[in-house]
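What follows is one structure encoded as structure tokens, with my remarks underneath.
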Amino acid sequence: MAQYFEVHPVQPQVRLLKQAADILAKGGIAAIPTDSSYALVCRLDDKAAVDALRRVRGVDDRHLLTLLCRDLSELANYARVDNQQYRLLKLGTPGPFTFILEATKEVPRRVSHPSRRTIGLRVPEHPVCQGLLEQIGEPLLATTLILSDHDEPLNDAEEIREALDKRIQAIVDAGACAMTPTTVIDLSKGGEPEVVRQGRGDLSVLGLG
């Protein structure tokens with residue numbers, strides 16, 4: 001049965017975030033709000049948790065998972081970034097952009113793209129998401145909370161509880177959040193950035209609109 005944490009959306013209670021972070025540190029999966037939609041998250045280095053997250057989400061190992069980082073300095077540990085890419089990242093973080101980058105050896109092969117050795121990374125802007133990342137002290141692996149029989153992300157914590165209460169370990173309820181996915185920019189091929197998906201992030205912020 002999932003532990004349920006009702007937190008303030010702008011000034012989340014640190015005590016509750018610490019409890020949720022502790023569940024993640026022990027191998028749990030949590031549903032948390034982000035600046036694009038609710039997401040399922042777990043620790044990057046926990047193979048059992050990553051496998052369980054994929055099962056809950058209904059995706060195989062070809063589905064690209066995203067690494068949520070606190071800031072750009074943390075992101076640089078997990079991706080190879082040149083000066084041009086860094087300038088673009090600086091414009092789009094924090095915010096609702098996912099950047100596909102060449103993964104470093106810090107990223108386990110099982111969570112990077114199986115053929116291209118890439119990883120999706122982003123720095124979220126949501127205070128609850130940032131607060132949780134701060135408490136756990138490391139990036140979290142994430143996937144949008146869309147169930148296999150749904151077309152849209154789940155956006156109501158009670159609905160998430162009803163659907164996943166026995167399949168995940170924590171639900172962090174900060175009220176409804178956006179239901180538009182991130183804008184995805186592929187920077188892994190060299191040359192010009194490739195817009196893979198237009199979502200909530202405004203491309204003009206990056207000078208690409």
Side-chain angles (χ1 to χ4, degrees), residues 9-10 31-41 44 53 57-59 62-104 106-107 111-134 139-147 150-156 172 174-209:
V10 179
I32 69 167
T34 76
D35 47 351
S36 60
S37 66
Y38 270 84
L40 293 172
V41 298
L44 170 67
L53 181 143
R57 177 67 166 77
V59 296
R62 291 187 298 274
H63 182 84
L64 193 66
L65 301 174
T66 299
L67 206 54
L68 302 178
C69 299
R70 283 175 287 184
D71 53 36
L72 278 184
S73 63
E74 193 169 66
L75 182 149
N77 292 328
Y78 298 91
R80 293 185 175 87
V81 180
D82 63 27
N83 289 337
Q84 184 178 353
Q85 291 169 337
Y86 186 82
R87 283 193 292 272
L88 201 64
L89 293 171
K90 204 167 180 183
L91 292 171
T93 57
F97 293 95
T98 298
F99 296 97
I100 300 174
L101 293 155
E102 184 183 354
T104 67
E106 295 294 320
V107 178
V111 300
S112 61
H113 190 284
S115 60
R116 288 173 52 204
R117 192 76 180 119
T118 55
I119 185 75
L121 296 108
R122 80 183 194 92
V123 179
E125 200 168 18
H126 197 290
V128 174
C129 190
Q130 274 288 349
L132 189 60
L133 289 170
E134 190 66 38
L140 289 170
L141 205 58
T143 183
T144 303
L145 209 173
I146 304 176
L147 300 181
H150 286 59
D151 295 323
E152 298 286 338
L154 294 183
N155 196 42
D156 178 84
V172 180
C177 57
M179 287 184 66
T180 308
T182 58
T183 291
V184 180
I185 312 285
D186 192 343
L187 302 177
S188 68
K189 299 173 183 176
E192 291 299 309
E194 179 185 341
V195 179
V196 177
R197 179 181 71 198
Q198 171 69 71
R200 188 158 180 259
D202 182 356
L203 289 171
S204 67
V205 170
L206 308 179
L208 301 176

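By convention here, the first residue in the shown sequence is residue 1. Predicted model only: the values in this text are computed from it and were never measured.
- Contact of the Thr182 side chain with the Arg197 side chain is registered, since non-hydrogen atoms from C-beta on lie closer than 4.5 Å.
- Residues meeting the side chain to side chain donor-acceptor pair (under 3.5 Å) test with Gln84, sequence neighbours left out: none.
- Counting only distance, with no hydrogens or angles, the side chain of Arg117 and the backbone of Glu102 share no donor-acceptor pair below 3.5 Å.
- With hydrogens and angles ignored, the 3.5 Å screen pairs a side-chain donor or acceptor of Thr34 with a backbone N or O of Ser36.
- In plain terms, the two heavy atoms of Thr118 and Leu64 that are nearest each other are O-CD1, 3.8 Å.
- Judged purely by atom type and a 3.5 angstrom limit, Asp35 uses its side chain to pair as donor or acceptor with the backbone of Glu125.
- Side chains of Gln85 and Leu88 form no contact here, defined as non-hydrogen atoms less than 4.5 Å apart.
- Panel note: side chain Asn155, backbone Cys177; a donor-acceptor pair is recorded below 3.5 Å.
- Remark: side-chain polar atoms of Thr183 are paired, donor with acceptor, to backbone N or O of Gly199 under 3.5 angstrom.
- Here the side chains of Tyr78 and Leu44 are in contact, with some heavy-atom distance below 4.5 Å.
- The line from CG of Leu40 to CD1 of Ile146 is 10.5 Å long, rounded to the nearest 0.5 Å.
- One distance of note links OH of Tyr38 with CG of Leu154; it measures 10.5 Å at 0.5 Å rounding.
- Contact record, Ile185 with Pro193: CG2-CB, 3.7 Å, taken as the closest heavy-atom pair.
- Among the candidates Asp71, Ile32, Leu68, the single residue satisfying the side chain to side chain contact (heavy atoms under 4.5 Å, CB included) test with Leu133 is Leu68.
- Checked by atom type and distance alone, the side chain of Arg200 never pairs as donor or acceptor with a backbone atom of Ser37 at under 3.5 Å.
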* Please step through side chain to side chain contact (heavy atoms under 4.5 Å, CB included) for the pair Leu53 and Leu65, ending with a clear verdict. => CA-CA 10 Å; Leu53 181 143; Leu65 301 174; 4.1 Å; yes
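- From Leu187, atom CG reaches atom CD of Glu194 across 10.0 Å, with rounding to the nearest 0.5 Å.
- Closest of all the heavy-atom pairs between Val123 and Leu72 is CG2-N, 4.3 Å.
- You'll find the side chain of Phe99 stays beyond 4.5 Å of the side chain of Leu75, heavy atoms only.
- The nearest pair of heavy atoms linking Val195 to Gln198 is CG1-N, 4.3 Å.
- Distance check: Glu134 CD to Cys129 SG gives 12.0 Å after rounding to the nearest 0.5 Å.
- The distance from atom CG of Leu132 to atom CZ of Arg70, rounded to the nearest 0.5 Å, is 11.0 Å.
- Between the side chain of Thr104 and the main chain of Asn77, a donor-acceptor pair closer than 3.5 Å is present.
- Contact between Val128 and Pro9 at its shortest, heavy atoms only, is CG2-O, 3.8 Å.
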Only pairs under 3.5 Å count here: list side-chain donor-acceptor contacts from residues 202-209, not counting sequence neighbours, and write none if there are none.
| from | atom 1 | to | atom 2 | distance (Å) |
| --- | --- | --- | --- | --- |
| Asp202 | OD1 | Ser204 | N | 3.0 |
| Asp202 | OD1 | Ser204 | OG | 2.9 |
| Asp202 | OD2 | Ser204 | OG | 3.0 |

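- For Glu152, the side chain to side chain donor-acceptor pair (under 3.5 Å) test picks out no residue, with sequence neighbours left out.
- Nearest heavy atom pair, residue Ala103 against residue Arg80, reads O-NH1, 2.7 Å.
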* Would Arg57 and Thr144 count as a side chain to side chain donor-acceptor pair (under 3.5 Å) if you check the C-alpha gap in whole Å, the side-chain angles of each, and the deciding distance to 0.1 Å? -> CA-CA 8 Å; Arg57 177 67 166 77; Thr144 303; 5.4 Å; no
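- Note that OG1 of Thr66 is 8.0 Å distant from CG of Leu121, once rounded to the nearest 0.5 Å.
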